[in-house]
Amino acid sequence: MPPLVSNVQPKGYRISKERKATGAHYTPVEMADFLAREIVDGLEKTRFPKKQRLNILDPAIGDGVLLESLIKELQGRKFASVETTGFDIDEHALDVAWNKLGTKAILKHEDFLNHVLENYLTVSSLFSEDKTQKLYHLVITNPPYIRTQVLGSSKSRRLSDAFGLSGRVDIYHAFFQAISAVMAPGGIAGLIVSNRFMTTQAGSTARSIIKKEFDILHVWDLGDTKLFEAAVLPALLLLQKKSERNDAPSSKMTTIYSVNSAYVQSDPVENIFSVLNNNGVITTNSGSYLIQNGQLNSGATSWDIWRLSNKSTDNWLKKVSEQTHCLFSHLGKIRVGIKTTADKVFIRDDWESFGDEKPELLRPLITHHVADHFKAQSFDKQVLYTHESVNGKKKAIKIANYPKSSKYLEQHRNVLESRTYVRDAGRKWYEIWVPQDPDEWKQSKIVFRDISKKPFFWLDESGAVVNGDCYWISCKKMNRDLIYLALAVANSKFITLFYDRKFNNKLYAERRRFITQYVKDFPIPNPQNPHSKAIVALVGRLIETENQITRVRTQEKIDTLVWHAFDLPIEKISW
């Protein structure tokens, strides 16, 4: 069977391009030591006999630092007999690991996922185990992070079919299933993975696999602590393979994310792993961080995101729910903006230079560059929009009816025709790939920026098209009061706290993703609430005024009223 990833990988992963291609992000020693300690703590709680042989595994051994840490920790705890196995498809990495481990490990230049498919999983059942195969008591690993679409459609399909994956997934999702297949009941696994799977729709399959196959002992969301060279936000998982016992342990969770340094009142910490059991703000050489500990709330279904749960957070979210009249999903359908897949052709800010040859199909375009609160800045980009609505149905325009646009597009025909997926979908070569509904642009709409530290939501009534770096809500069925109230909530400091407590998903430097998955669950208070009525009046004035000082003061008043509308005390939030 050909490998699911590749037989040959670039050696050493020393160049960032190679790291991206192979998904290799080698583990810092401090992280390896911490995870090893937690694994052995979990093992000792199972009362595993210290004289019995332990089978331990790293299915993506890399430079061997994880196994080295685990072996040292086991020896320090007087576990007498250990048999260690490591897999990797990079021969150079195995050489490095051998220099660390020597005869302490059996190292295999082999694709672990293929190994599991061929030796542990039958065709009839992905979960049936071959009892003649070795089962492992401990697993420690930092599997590669590679989106399956990067592998190519053929390998991606094989991977998804073999391990029951679907949608936009990452190779490490397959490792969850494969590791489960080779583990002894009650065995302990420690994994270092990207934290994305916990809070995205694409991660639902991975969440489902973990909850089915393992008891979750602890999750450490290490957030934006910059522990890897690449922009990977890591999470540590401590899992126990399900067994016959009925007393499943409680699931703990720890999060650590950057905060404004003004809050720091402690001495610098050299090793964050030494303080992860604490709660509060710490400072390190790379920044200031808030550590929170509690229980893992993994929801009732695989679609539910994983988040930190503690008494104060749960009570706060319950209070918000009690004061919620409706959600943003009730305002209208939440969509991403257009995606041309050829922006240099379709989107420009120099169309005026074309003079008399300026294309006829130009329309104003909203991008994240003009984002603001309540009311957007003026915008100068335009898009050559190639769609129209005919009898309520979206269609590509007849290009022959627009000679200037046709002439311009013909000049770029080679670029546009190189988008083979457009042709394969039976579309016109000059079409925008995702045009959305042409009729909706003329309606009142709430537009918001995708990635930002603080929210930017504003009302647009210009008829402009929204670009794919923003999202939008068509509000044609909503009254003005509800729109104004939604804008107030969405631009408030309250909503950033709600976002963090409800969704637990931030990127680097306190940036958040304002996407459909999260915004649809934003709450709106009762419009009949006196505070809500005051908010609506202020938002109306704010949108009309151009005076910057008045706008700032009015927005501060609105922000205060939003807390009152949800019957909550005002909390200090830094932007």
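As the structure is a prediction and not an experimental result, all values here were calculated from the model.
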Could you check whether the rings of [X] and [Y] sit parallel, tilted or perpendicular, using 30° and 60° as the cut-offs?
{"X": "His564", "Y": "His531", "result": "tilted"}
{"X": "Tyr172", "Y": "Phe197", "result": "perpendicular"}
{"X": "Phe457", "Y": "Phe522", "result": "tilted"}
{"X": "Phe34", "Y": "Phe273", "result": "tilted"}

| field | Identified side-chain contact (heavy atoms from CB on, under 4.5 Å) counterpart of Trp316 within the set Asp314, Thr313, Val320 | value | Val320

| Which residue, Ile473, Val466, Val370, forms the side-chain contact (heavy atoms from CB on, under 4.5 Å) with Val447? | Val466

| message | Looking at Glu44 and Lys50, is any side-chain nitrogen of the basic one under 4.0 Å from a carboxylate oxygen of the acidic one? | response | yes

| Could Lys319 and Asp567 be called an ion pair, given the rule that one side-chain N must be under 4.0 Å from one carboxylate O? | yes

So, [X] and [Y]: side-chain donor and acceptor under 3.5 Å apart, yes or no?
{"X": "Asp469", "Y": "Thr367", "answer": "no"}
{"X": "Ser251", "Y": "His218", "answer": "no"}
{"X": "Thr496", "Y": "Lys454", "answer": "no"}
{"X": "Thr254", "Y": "Asn293", "answer": "yes"}

I want to check something: taking the side chain as every heavy atom from C-beta on, are [X] and [Y] in contact at a cut-off of under 4.5 Å?
{"X": "Phe514", "Y": "Arg449", "answer": "no"}
{"X": "Leu191", "Y": "Leu239", "answer": "yes"}
{"X": "Ile483", "Y": "Ile446", "answer": "yes"}
{"X": "Val219", "Y": "Leu236", "answer": "no"}
{"X": "Leu74", "Y": "Leu54", "answer": "yes"}
{"X": "Phe456", "Y": "Phe448", "answer": "no"}
{"X": "Ile495", "Y": "Pro523", "answer": "yes"}

| Looking at Asn505, Asp500, Asp450, which one forms a side chain to side chain donor-acceptor pair (under 3.5 Å) with Arg512? | Asp500

| said: Does the structure place the NZ or CZ of Lys520 under 6.0 Å from the centre of the six-membered ring of Phe328, at an angle of no more than 45° from the ring's axis? | reply: no

| message | Please report whether the ring centroid of His115 lies less than 6.0 Å from that of Tyr120. | response | yes

| In Å and rounded to the nearest 0.5 Å, what is the CG to CZ distance from Leu317 to Arg307? | 5.0 Å

| note | So CG of Leu308 and CE of Met198: to nearest 0.5 Å the spacing works out to 10.5 Å

